[in-house]
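Remember, it's a predicted structure, so these values are computed and weren't measured experimentally. For ligands, and for the atoms within them, numbers begin at 1 and follow the listed sequence. All values below were derived from every heavy atom in this structure, side-chain atoms included, with hydrogens, water molecules and symmetry-related copies excluded.
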Amino acid sequence: MEKRKRSWAEPYKMKMVELLKMTTLAQRKKALQEAGYNTFLIHSDDVYIDLLTDSGTSAMSDRQWAGMMLGDEAYAGSRNFFHLEKVVQEVYGYSYLVPTHQGRGAENILSRILIRKGDIIPGNMYFTTTRLHQELAGGKFEDIIIDEAHDPENEFPFKGNVDLSKLEKLINKYGAARIPYVSIATSVNMAGGQPISMANLKELRAFTKKHKIRIIHDMTRVAENAFFIQQKEKGYDKKSIREIVREINSYTDGATMSAKKDALVNIGGFLAVNDWDIFEEARNMVVVYEGLHTYGGLAGRDMEAMAIGIEESVSKDHIKARVGQVLYLGNKMLNYGIPIVKPIGGHGVFVNAKKFLPHIPQENFPAQALAAELYLDAGVRTMERGIVSAGRKPNGENYFPKLELVRFTIPRRVYTQAHMDVIAESAAIVYDRRKKIKGLKMVYEPKYLRFFQAKFEKLQ
Ligand SMILES: *Cc1c(COP(=O)(O)O)cnc(C)c1O
């Protein structure tokens, strides 16, 4: 007898719903024009399904909301801080915690402490805010991710891996003393949510130890990375997500965290380190930029929700459904023939705009144009991850990234499978009329992180 199919569904049910607003094509046209063809500038009231980001957009659980009521809003020594500290030590394994309002707050403090002018910071692909803080602190980012990561068609399962020969070249060129740390992201966002393997991390640890270079972990999506290790890496299928997360972190010296992703909260982040001296300086500096070291720009209730969210983020049922939903959408889009980054990543589906719109040259912003068209069709909001996001080098020249992508980022525990169907169908309709889509020109460009506020006009 043929094996019967067994579906699985979300490991939660709904207790409260948020009503969505439907819009007409005429309304969306107007909204898009007013937003200068930048999906970041569209009012969320004009959006039907919001896949702009998975950052701070997750649905909290009833336990997290209950935790909010246990907020201890004391200025100093809030009990929620001590709860969070304990969870960070137990689940993540780092010794010392400095809370910050979100990930970039931690990046700012860490970069100021560790980077001296002229330093080199190698990393497995840049991230927008991470690299900017490295540059503002006087450092220079160097990409050491494996070449496969820059090829959207390559199906290598661990495209987040570091190419050790690239790191070795940097050490030979600049000397290890000018490399304060290697910046390692799990679930590499800009590569399409691609994981790094445990084997690669272990090798990197051994190599950096030899040269006395620290590894700082951007652990924003470490649980999602752990899921791919469990599914795809030899020797890890019997290990729990919790165990894998601890092992990943054990090969690193400290971490910056945007808790708005993995950790299922709407705001929050932290810096966590094992080195007392770095901690001491960070604890001091956080007072200048964020708030006292036992709240770092957060309310007590935010820290409580984060502590509970971290525990939920490493549960097997959660992570399977979370990544499972992304895979469901990705496979559906593949069935429609839409060119997406493969393998499908952990937090979203990344459409290859260069292949979707081969007639639009990169300087006319194909991914930005595609995100605008996708919004127009059914009110699905995505975002550009290409030349606009890459911005300019410190010398003013544009970066021309190999990857020109539109990101369909899935918020955690927010949308249903039916929403995924609607999204894929809308993308397929836009794909059918792709030849008629035109490029854009930039008419306003902010100095920093231009993708957030830049404005465009349609080319005729
Ligand atoms: C979101 C993000 C950050 C920055 O965190 P914020 O909370 O948005 O400040 C850093 N690194 C990665 C990989 C991220 O996805």
Side-chain angles (χ1 to χ4, degrees), residues 40 51-58 98-112 121 123-137 141 143 145 149 159-160 162 181-196 215-226 228 248-249 252 254-272 286 289-291 296-298 302-303 305-306 309-310 313 322 326 345-348 350 382-385 389-391 401 403 405 407-412 448-449 451-453:
F40 274 100
L51 308 184
L52 185 74
T53 172
D54 63 331
S55 180
T57 53
S58 299
V98 179
T100 56
H101 77 287
Q102 58 184 80
R104 70 198 69 182
E107 290 170 349
N108 174 39
I109 291 169
L110 182 90
S111 302
R112 282 169 180 272
I121 300 95
N124 58 345
M125 204 171 265
Y126 84 98
F127 183 73
T128 52
T129 58
T130 318
R131 183 178 66 192
L132 182 59
H133 280 299
Q134 291 163 356
E135 288 172 352
L136 290 174
F141 173 84
D143 193 3
I145 204 164
K159 281 160 85 173
V162 164
Y181 61 93
V182 177
S183 174
I184 290 301
T186 33
S187 290
V188 181
N189 194 347
M190 302 304 278
Q194 304 295 325
I196 181 168
I215 300 177
I216 297 294
H217 178 198
D218 181 341
M219 66 180 300
T220 296
R221 296 181 185 81
V222 66
E224 290 165 11
N225 196 118
F228 285 117
I248 292 172
N249 294 354
T252 70
T256 54
M257 174 65 157
S258 170
K260 302 171 70 173
K261 325 288 176 43
D262 251 7
L264 298 161
V265 286
N266 304 119
I267 193 72
F270 60 76
L271 173 65
V286 76
Y289 294 104
E290 305 278 319
L298 297 168
D302 298 327
M303 293 189 282
M306 199 197 304
I310 290 169
S313 78
R322 189 300 183 262
V326 178
H347 67 301
F350 291 66
T382 57
M383 75 171 280
E384 193 259 14
R385 276 298 183 219
S389 292
L403 298 178
L405 310 174
R407 188 177 78 177
F408 291 61
T409 348
I410 313 297
R412 296 161 187 82
Y448 297 118
L449 304 175
F451 60 98
F452 285 129
Q453 289 145 348

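Of all protein heavy atoms, the one lying nearest to atom 2 (C) of ligand 1 is Lys261 NZ, 2.5 Å. Residue, atom and distance of the protein heavy atom nearest to atom 6 (P) of ligand 1 are Gln102 NE2, 3.3 Å. Closest to atom 10 (C) of ligand 1 among all protein heavy atoms lies Glu107 OE2, 3.1 Å. Given atom 3 (C) of ligand 1, the protein heavy atom at minimum distance is Phe127 CE2, 3.4 Å. For atom 12 (C) of ligand 1, the closest non-hydrogen atom of the protein is Asp218 OD2, 3.3 Å. Protein heavy atom at the shortest distance from atom 4 (C) of ligand 1 is Thr129 OG1, 3.5 Å.
The main-chain N or O of Thr186 is never found under 3.5 Å from a side-chain atom of Asp218 such that the two would form a donor-acceptor pair. Remark: side-chain polar atoms of Thr409 are paired, donor with acceptor, to backbone N or O of Leu51 under 3.5 angstrom.
Counted within 6.0 Å of OH on Tyr448, heavy atoms from surrounding residues, nucleotides or ligands total 12 or fewer; the atom is thus considered open.
Shown are Thr128, Leu403, Leu405; of these, the side-chain contact (heavy atoms from CB on, under 4.5 Å) with Met190 is made only by Thr128.
In terms of polar-atom proximity, Gly103 is counted as a contact of ligand 1, with an N or O under 3.5 Å from an N or O of the ligand. For ligand 1, the polar-atom distance check finds an N/O of Asn189 within less than 3.5 Å of one of the ligand's N/O atoms.
Because its NZ or CZ atom is not both nearer than 6.0 Å to the ring centre of Phe127 and within 45° of the ring axis, Arg104 does not count as a cation-pi partner of that residue.
If you number the atoms of ligand 1 from 1 as listed, the ones under 4.0 Å from a heavy atom of Lys260 come out as 7 (O).
Residue Ile196 holds its CD1 atom at 8.0 Å from CD1 of Ile145, rounded to the nearest 0.5 Å. Atoms CE and OG, from Met383 and Ser389 in turn, are 4.5 Å apart once rounded to the nearest 0.5 Å.
The option with the heavy atom closest to atom 8 (O) of ligand 1, from among His101, Arg104, Met190, is Arg104. Scanning Gly56, Gly269, Ser258 for the heavy atom closest to atom 7 (O) of ligand 1 points to Ser258.
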Should Asp262 and Met257 be marked as a side-chain contact (heavy atoms from CB on, under 4.5 Å) after you check the CA-CA gap, both sets of side-chain angles, and the distance that decides it?
CA-CA 9 Å; Asp262 251 7; Met257 174 65 157; 4.1 Å; yes

